[in-house]
Amino acid sequence: MKLVIAEKPSVGRELAKVFGATTRKDGYIEGKGYSFTWAFGHLLQLAPPQEYGFYGWRKEHLPMLPQKFKLSIRKIKTKDGMVEDPGVRKQLDIIQKLFDECTEIIVATDAGREGELIFRYIYSYLKCKKPFKRLWISSQTDEAIKDGFRNLKPGEDYDTLFSSAHCRSVSDWLVGMNATQALSISAGNRSVLSLGRVQTPTLAMICARYLEIKNFIPKIYYQIGIQLDKDGQLFKAISVDNFETKEESEAIFAKVEDVASGFSNGGNITAVEAKPRKEPPPLLHDLSSLQQEANKRNGFTADQTLGLLQNLYESKLVTYPRTGSRYIGDDVFATVPPLIASLTDHPQFAKQAMALGEMTLNKRSVNAKKVTDHHAILTTGIKAGSLSKDHQAVYDMVAGRMLEAFHQECLKEVTKITIQSEITFMANGTVIRSAGWRSVFNDVEDDKKDEDNPALPKVKKGEALPIINKALLEKQTKPKAMYNEASLLKSLETCGKEIEDEELRYAMKDSGLGTPATRAAIIETLLTREYILREKRNLVPTAKGLAVYEIVKEKRIAQAELTGAWEKRLEEIRSGGTSVQEFKSEIIDYTRSITQELLTDGAAISGQLATPATVTT
DNA sequence: GCAAGGTC
């Protein structure tokens with residue numbers, strides 16, 4: 001018997017189906033000379049400090065540098081503390097039995113660094129010696145699966161990928177465990193002050209933004225607004241320049257030739273520009289973009305959205321949710337028309353689904369090269385029974401985005417009219433000629449809500465129009481907005497760099513902080529540590545969070561660049577350019593220095609933290 | 001009591 005092992009049950013079942021294996025057993029499926037089993041993500045983790053003899057949190061232990069790392073079964077939190085996850089233990093027993101019985105293993109965990117690690121940790125923990133080959137596919141259509149099985153790779157081809165994965169894991173343990181204990185101990189050991197490669201830069205982003213807003217000094221400036229009349233159709237224009245002083249703006253304001261000052265046609269049209277603009281549909285959703293949208297539309301937290309999506313996935317209503325790709329391959333694209341047809345009885349989308357059925361589908365979201373472990377989130381075509389309100393809301397965001405993504409471009413006409421009257425004014429207007437994808441939700445664009453003129457009258461250069469109204473406007477510069485879950489997720493994708501362009505931002509996603517599957521958990525960790533609070537929809541730092549930030553803000557552990565630097569080195573390990581030993585010794589050096597620094601610097605916040613919890617006996 | 005990574 002050959003054993004196929006997948007990363008998760010859904011993939012194991014899918015592979016079995018393609019092979020025609022149908023005998024369902026407890027934890028695996030059998031048939032045609034194969035057995036198909038699965039993990040549930042990482043079943044094993046690097047063992048905690050006490051398994052190396054570091055009991056309690058003691059300064060004398062630091063830095064903890066285990067010679068050889070051990071693996072232990074994934075734990076879950078219960079009221080009696082952390083215990084082995086019984087489901088994980090059971091599945092490991094099943095895998096052990098299948099390892100013993102098989103002649104060969106086919107590794108079918110996700111095609112990536114963590115997928116490799118999931119299998120290798122199991123293989124190592126169960127002390128298996130059987131030969132294994134690697135299935136490496138980026139799409140799970142029948143054809144891609146069959147093709148992958150015809151082209152199995154030698155297992156050892158991925159040895160360096162495993163090395164880089166293990167290094168990632170060990171490095172996070174060394175830096176995270178040591179830094180956390182060092183800071184907690186030196187700050188007086190009152191509570192857990194956790195630090196880590198991902199959570200600490202995230203905290204730093206929230207704190208830096210908060211302080212920037214708190215220290216922001218608004219500046220007053222003046223603008224002049226006018227209203228013009230073209231044959232009874234009124235429109236607004238605003239001065240191109242801002243004025244710094246009230247005196248200056250008042251002097252100019254007085255000279256603007258409005259009707260009330262005796263000028264019947266004081267507004268001279270000096271330029272008219274009307275340009276058609278095409279707006280392509282948005283890309284399909286990946287987890288992060290969906291979490292952002294659900295936060296904006298419904299106020300769901302990243303964690304809630306992930307939970308709702310996971311339920312929908314388990315009910316087979318949507319495809320795999322923890323994806324970082326907003327694209328699908330051509331093979332999946334071939335399955336899209338029936339998916340759209342399945343929405344023709346949807347109460348909200350029926351009309352658009354029918355219209356889309358008649359059109360050539362837009363292929364902006366179709367690009368096999370941009371599909372990594374998983375493709376963008378789609379519906380499956382399976383009819384949703386009655387869903388809870390929240391589940392329905394998330395399902396509709398997936399379905400609606402699908403209709404948008406394959407829809408026509410939105411065609412607009414953008415008009416700019418330049419008016420001269422003592423100074424230069426500008427009127428902007430946008431008219432939608434053909435709504436295209438925008439007809440799915442009929443939303444107003446975020447940045448167009450305060451646009452002064454939806455439609456502008458037809459005017460010609462050289463015309464003079466009456467200015468029927470003028471106003472001196474006093475305005476203030478505004479600080480950036482506080483982070484909320486949506487804007488934080490967006491920032492994590494690009495390490496805090498603000499990139500508006502959707503595709504450019506997407507290109508940077510490999511250098512982001514955390515992964516789609518872990519970002520919601522990172523936010524929850526910061527909340528659990530009481531480093532941050534939810535204040536309405538905003539995420540704001542607490543005094544504790546700010547105190548920790550003050551200690552670490554200049555250190556590498558608080559900078560997103562640390563992840564970038566590690567990633568570069570890990571890729572060198574994978575490609576064979578750097579030895580594992582070289583990287584590990586760098587990490588150990590860094591662990592020693594950050595631990596030492598924190599043991600000293602942490603004392604600074606000892607007094608600032610909340611009084612220790614009262615101990616009752 | 002602690003990281004970040006994966007998933008149910």
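Letters A, B, ... are given to chains in the order of the sequence lines, protein chains preceding strands, and every chain is numbered from 1. This structure is a prediction, so every number in the text was calculated from the model and none was measured.
The side chain of A:V192 lies closest to B:dC2 when the candidates are B:dC8, B:dC2, B:dA3. Taking only side-chain atoms of A:E314, from C-beta outward, the nucleotide of B:dA3, B:dG5, B:dC8 with the closest atom is B:dC8. Nearest to the side-chain atoms of A:P9 among the listed nucleotides B:dA4, B:dA3, B:dC8 stands B:dC8. When distances run from any side-chain atom of A:Y313 to the nucleotides B:dG5, B:dC8, B:dC2, the shortest one goes to B:dC8. For A:T180, taking side-chain heavy atoms from C-beta onward, the closest of the listed nucleotides B:dA3, B:dG5, B:dC8 is B:dA3.
In terms of polar N and O atoms assigned as donor or acceptor, the side chain of A:D172 never comes within less than 3.5 Å of the base of B:dG5 in a complementary pairing. For A:Q181 against B:dC2, a side-chain N or O and a base N or O form a donor-acceptor pair under 3.5 Å. Between the base of B:dC2 and the side chain of A:Q50 there is a donor-acceptor pair shorter than 3.5 Å.
Ring centroid separation for the pair A:F162 and A:F119 does not come in under the 6.0 Å cut-off.
At least one donor-acceptor pair under 3.5 Å links the side chain of A:S593 to the backbone N or O of A:Y590.
In this structure, A:M64 places its CE atom 11 Å from C1' of B:dG1, rounding to the nearest Å.
Considering only side-chain N and O atoms, A:R197 lies under 4.0 angstrom from the phosphate OP1 or OP2 of B:dG5.
A distance cut-off of 5.5 Å between ring centres, combined with a plane angle under 30°, places A:W57 in a stacking arrangement with the base of B:dG1.
For the atom pair CD1 (A:I105) and CG (A:L98), the distance works out to 10.0 Å, reported to the nearest 0.5 Å.
Looking at A:E572 and A:R569, a side-chain N of the basic residue comes within less than 4.0 Å of a carboxylate O on the acidic one, giving a salt bridge.
Nearest-nucleotide positions on DNA chain B place A:M82 closer to the 5' end than the other of A:L306 and A:M82.
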